[in-house]
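Right, one structure below, let's go through it.
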Amino acid sequence: MKNDPALVHDSGPFAGRLLFPYGWGVVLASMRRADVAASDFDELFPPPRTLLRDDLEESVGAAAFQHRLWGMFTVSYPHTLTLPQRDRIRWHLFPEIRLQPQATLDFGPTLDSAPPLPDLLQVMDLQQEQVARTLGEGHRVIHGAAGSGKTMILIFRAQFLAAAARADQPILVLCFNRTLADRIAHLLRERGVDERVQVRTFHSWCQDLVHSYQLEVPRELKGDAYFTALALAVERAVASGRVPGGQYLALLIDEAHDFEDAWLRIAGRMVSPATNSLLVLYDDAQSIYQGANAKVRRKFNFASVGIEARGRTSILRLNYRNTAEVLALAMHCAHSLLQGDGTVRGEDELPLVQPLSAGRRGALPVLIEARHAFEEAELVAERIAAALDSGTPPDDIAVLCHAKALMRPIEQALARRGVPLQSMNALAFRRFDWHQPSVKLLTMHSAKGLEFALVFVARLQALPLRDEAAEDAVRLLYVAMTRATRELVLSAHGPSAVVERVREALAAVARQFSVRA
């Protein structure tokens with residue numbers, strides 16, 4: 001911490017020394033004074049610096065306990081830490097709650113060789129950290145608004161559990177879309193978590209089981225029909241015992257609102273009964289794959305699919321990902337989806353979690369309206385090139401379209417400018433290489449669970465697609481907008497109901513923030 005300029009005196013007689021006093025001690029929570037009586041324990045663990053079970057009892061008054069903690073300080077002087085300073089101290093003390101990749105920020109072997117620290121060291125907020133640290137065994141459900149840190153908590157949890165996993169009883173992380181699965185796997189590997197934590201989409205996991213247990217799935221089926229048959233084959237095999245349950249030390253499901261009821265039933269049976277460790281992350285407002293079944297799914301409860309999480313359910317409302325301006329626009333556009341019906345739901349049912357802004361400010365989102373597709377692509381490419389020239393890394397930029405075919409003009413415009421890019425529309429595309437610095441072109445569906453500093457939501461006039469309900473298009477737009485951590489640009493080259501909704505919402509947000517200013 002002495003290498004952190006924000007935590008030391010920068011001048012005067014105490015230059016280079018910490019701004020605040022500190023102390024140290026040890027807590028042995030399972031040991032009592034009677035256990036160490038008539039021994040040399042106190043010589044090894046001085047009583048002023050040692051808390052035992054007796055010191056932690058409920059009968060010990062708060063003032064007395066606080067006095068014991070103060071007694072661990074060797075030097076005391078007044079200093080009030082600011083909230084950013086508190087977060088920086090937490091960043092130094094607890095590497096596991098850091099949001100930035102540790103590989104680029106960890107200290108070297110000595111203080112003198114430590115690399116310079118960035119101005120902003122991002123860590124979980126206190127509620128997120130408390131939720132992450134108190135996740136015990138049993139079924140757990142976290143309802144979280146977009147940008148509230150659900151995936152971050154899943155990664156924290158998987159990293160923590162990895163130490164107890166074995167090759168014959170690994171940990172399984174499931175989600176719906178492959179892009180998110182690849183991204184989670186990449187982040188876990190960056191944190192040193194090995195293959196004892198397996199990350200799969202639900203259907204790729206089903207394919208693993210089909211191959212391992214030689215299950216029958218009609219080969220002539222294609223597309224959605226094949227995936228339906230695949231899931232059904234696994235469901236039957238698990239129910240009959242052909243695929244044994246209890247194979248995983250723990251199972252973690254991200255974006256569980258994308259899962260069918262049957263899939264969730266299967267998941268619960270795959271967890272070892274010794275741990276019963278199942279973590280489910282859910283946000284009904286982002287259910288973009290349910291289609292006509294969305295209203296039915298809103299009424300289901302977790303107990304009906306075998307997830308028993310009463311007393312072990314958390315709700316995260318604060319949105320940390322988006323600036324206040326971006327979140328306000330997303331909520332204006334999706335206003336009808338984020339309004340409850342006044343029903344008081346039970347703990348194991350689905351609450352509709354409305355996000356609350358953490359208050360971080362940024363630029364107002366922008367809507368580019370072009371005359372035709374070529375002009376729209378050129379305007380988007382110009383902004384991306386300007387962002388790269390100003391120092392934004394290509395990895396921090398994404399262009400989202402409703403369908404792959406809509407990406408082609410933007411691909412061409414970026415290629416003409418020599419912008420490094422990876423596009424889901426490329427003929428040879430299989431998955432993103434997250435080690436390769438590049439602007440990402442991906443579908444709105446595939447972007448769910450991801451985030452980028454600068455997000456372009458392009459070709460808005462195409463929403464909704466033919467046979468797509470207006471409500472489904474708005475829900476998808478809400479997901480796309482909330483991918484932006486710093487700046488959001490929307491674009492279109494023609495009129496539509498969605499473009500008009502965005503235009504009206506932008507005007508409302510501009511008025512909202514001009515009044516605040």
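Just so you know, these numbers use all the heavy atoms, side chains as well, and skip hydrogens, waters and symmetry mates.
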Spell out, as yes or no, whether a donor-acceptor pair under 3.5 Å connects the side chain of Glu487 to the backbone of Ala363.
no

Sidechain N-carboxylate O distance under 4.0 Å for Arg417, Glu378
yes

Would Leu7 and His92 count as a side chain to side chain contact (heavy atoms under 4.5 Å, CB included) here? Give the steps.
CA-CA 11 Å; Leu7 299 179; His92 289 289; 3.9 Å; yes

Under the salt bridge (charged side-chain N to carboxylate O under 4.0 Å, His left out) test, residues paired with Lys440 that sit two or more places apart
Asp395

From the list Asn322, Val502, Val455, Leu327, side chain to side chain contact (heavy atoms under 4.5 Å, CB included) with Met481 holds only for Val502

Listed by chain and number, what are the ring pair (Phe, Tyr, Trp, His ring centres under 6.0 Å) partners of His372, not counting sequence neighbours?
none

Exam field: side chain Arg321 to backbone Ala146, donor-acceptor pair closer than 3.5 Å:
no

Below 4.0 angstrom, N of the basic side chain to O of the carboxylate: do Asp258 and Lys448 qualify?
yes

Residues in side-chain contact (heavy atoms from CB on, under 4.5 Å) contact with Glu500, at least two apart in sequence or another chain:
Arg503, Glu504

Ile171 and Ala162: which non-hydrogen atoms are nearest, and at how many Å?
CD1-N, 3.6 Å

Does Arg183 form a side-chain hydrogen bond (donor to acceptor under 3.5 Å, both in side chains) with Thr151? I'd like the steps, not just the answer.
CA-CA 10 Å; Arg183 183 61 175 162; Thr151 300; over 6 Å; no

Can any side-chain N or O of His493 pair as donor or acceptor with the backbone N or O of Ala370 at less than 3.5 Å?
no

